[in-house]
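Computed from heavy atoms alone, side chains included, the values below leave out hydrogens, waters and symmetry copies. Below, chains carry the letters A, B, ... as their sequence lines are ordered, and counting in each starts from 1. Keep in mind that this is a model prediction, so the values were computed, not measured.
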Amino acid sequence: MVVSAARPQPVSRERQSDTLFDISVYGLNLQVSCNEPAFIHWLRYLLPGALFQPIAAPYADEGRATVEYQVHMGYTDPEDPEPNTVTRNGELIHRASARCHLQAFMERSITRELTRHVPPHHLVHAGAAVKDGHGILLPARSRSGKSTLLAALALSGFDYYSDEIAILTPEGRLLPFPKAATLRGPGWQALNARFPETKAFVYTPECEGKLRHLAAPSSTPTTLDRLACPVDIIAFPCYDPDQASSLQPLPTAMALGRLARQSLNLSLLGKPGMDALFNLVQNAQCYDFFTNDLAQAVSLLEEKLAQL
Amino acid sequence: MLKRSQGVLTQESKETAPSLRPRKTSDIVEYEIDGEVTLFDPQRDQVHILNQVAAIIWRLCDGSRTVDELAEDVSILFDADLDLVQGDVGHLLEELEQAHLVLAAA
């Protein structure tokens with residue numbers, strides 16, 4: 001359920017440096033340098049190299065695109081109110097007044113890089129988990145409660161695939177992007193109330209205390225072919241404190257439309273991408289997923305999986 | 001969006017002129033599941049969801065029927081009052097046109 005030191009550690013592509021982060025993610029080789037070791041430390045927590053090694057292994061080094069980011073953290077003065085900068089392959093792409101804003105920008109940048117370098121795979125803004133070989137997709141916008149729900153599922157015995165980016169093969173099989181789950185205050189409070197032990201697995205970057213990064217639990221499979229799972233349930237989560245947790249059947253056409261709207265790279269994939277989503281929804285059970293209580297929500301999904 | 005109702009729009013809007021002959025925009029990809037339709041517009045990277053009634057009306061937009069003729073066909077198909085159907089079809093066509101799903105050609 002959590003990052004496990006007992007699991008054999010495969011050879012990691014991470015270089016050992018306080019100011020350099022290097023990781024391979026599918027068809028992308030991402031290198032980030034920063035003058036502040038704390039930022040690099042946070043990146044290593046966000047993207048644990050050992051968890052990503054299985055999904056990088058099938059790609060030969062020469063088949064990957066390399067992108068280099070340089071993050072510089074400066075000090076605010078009247079002459080330079082935005083001293084924190086980010087360059088990409090040598091080109092300045094972002095300035096920020098607060099250091100912690102660079103973390104959010106870096107997370108978004110990583111997502112953008114994936115959309116460019118993951119095709120023909122489909123990227124969907126969704127949480128994803130797997131249990132007993134059955135994939136669950138939770139597409140939703142930000143602040144829908146999906147990260148909190150995914151963390152709860154991981155702590156309840158599900159294999160954690162992602163809290164934000166689900167990767168789908170053209171054949172509709174789910175692949176992991178196991179970055180650390182990012183939880184905001186209310187979600188963290190709800191999760192900690194249900195799972196008090198999570199305090200031990202959280203990294204809180206200095207960003208006005210608003211975010212918590214929960215360590216990505218290790219997945220059991222270690223090879224890409226075992227990691228790829230069929231999607232059996234597509235549930236669109238919506239946190240509603242006034243409604244009991246429930247799974248309401250959703251017309252498949254509606255599910256297709258809503259899933260497509262959460263796609264991060266449909267414009268790049270075009271019709272083949274839409275065809276793949278069409279096949280996906282036809283082979284899965286689709287629901288509106290009203291969530292209130294975490295324990296109830298987890299139980300509902302477990303019951304549905306048991307019926308498969 | 002078009003999915004809001006059972007093919008009946010309540011919002012006031014400009015109706016498509018009765019003599020125009022609406023036709024589906026080319027390059028729209030249609031996916032039908034259980035009578036409902038999801039449309040993908042690859043040019044604009046947009047996805048639209050049509051309920052059963054809206055899907056039927058959209059499919060009837062082949063450029064051969066005027067708006068009035070289309071409304072007549074729909075009223076027959078659903079055994080509904082023509083006056084009521086005319087208003088609803090007009091509103092729906094306006095939405096489809098705004099969504100670039102049909103062209104209202106003379």
Visitor: Please rank A/Ala253, A/Pro251, A/Gly257, A/Ser267 by heavy-atom pairs under 4.5 Å with chain B and give me the top one.
Guide: A/Ala253
Visitor: Counting only heavy atoms not in A/Arg112, do more than 12 sit closer than 6.0 Å to its CZ atom?
Guide: yes
Visitor: If you check every heavy atom in residues 31-44 of chain B against those of chain A, which residues fall under 4.5 Å?
Guide: B/Tyr31, B/Glu32, B/Ile33, B/Asp34, B/Glu36, B/Val37, B/Thr38, B/Phe40
Visitor: Provide the closest heavy-atom pair for A/Arg261 versus B/Ile49 in the form atom of the first, atom of the second, distance.
Guide: NH1-CD1, 3.8 Å
Visitor: Which is it for A/Leu266 and B/Val47 under the side chain to side chain contact (heavy atoms under 4.5 Å, CB included) test, yes or no, and what are the steps along the way?
Guide: CA-CA 10 Å; A/Leu266 182 59; B/Val47 176; 4.2 Å; yes
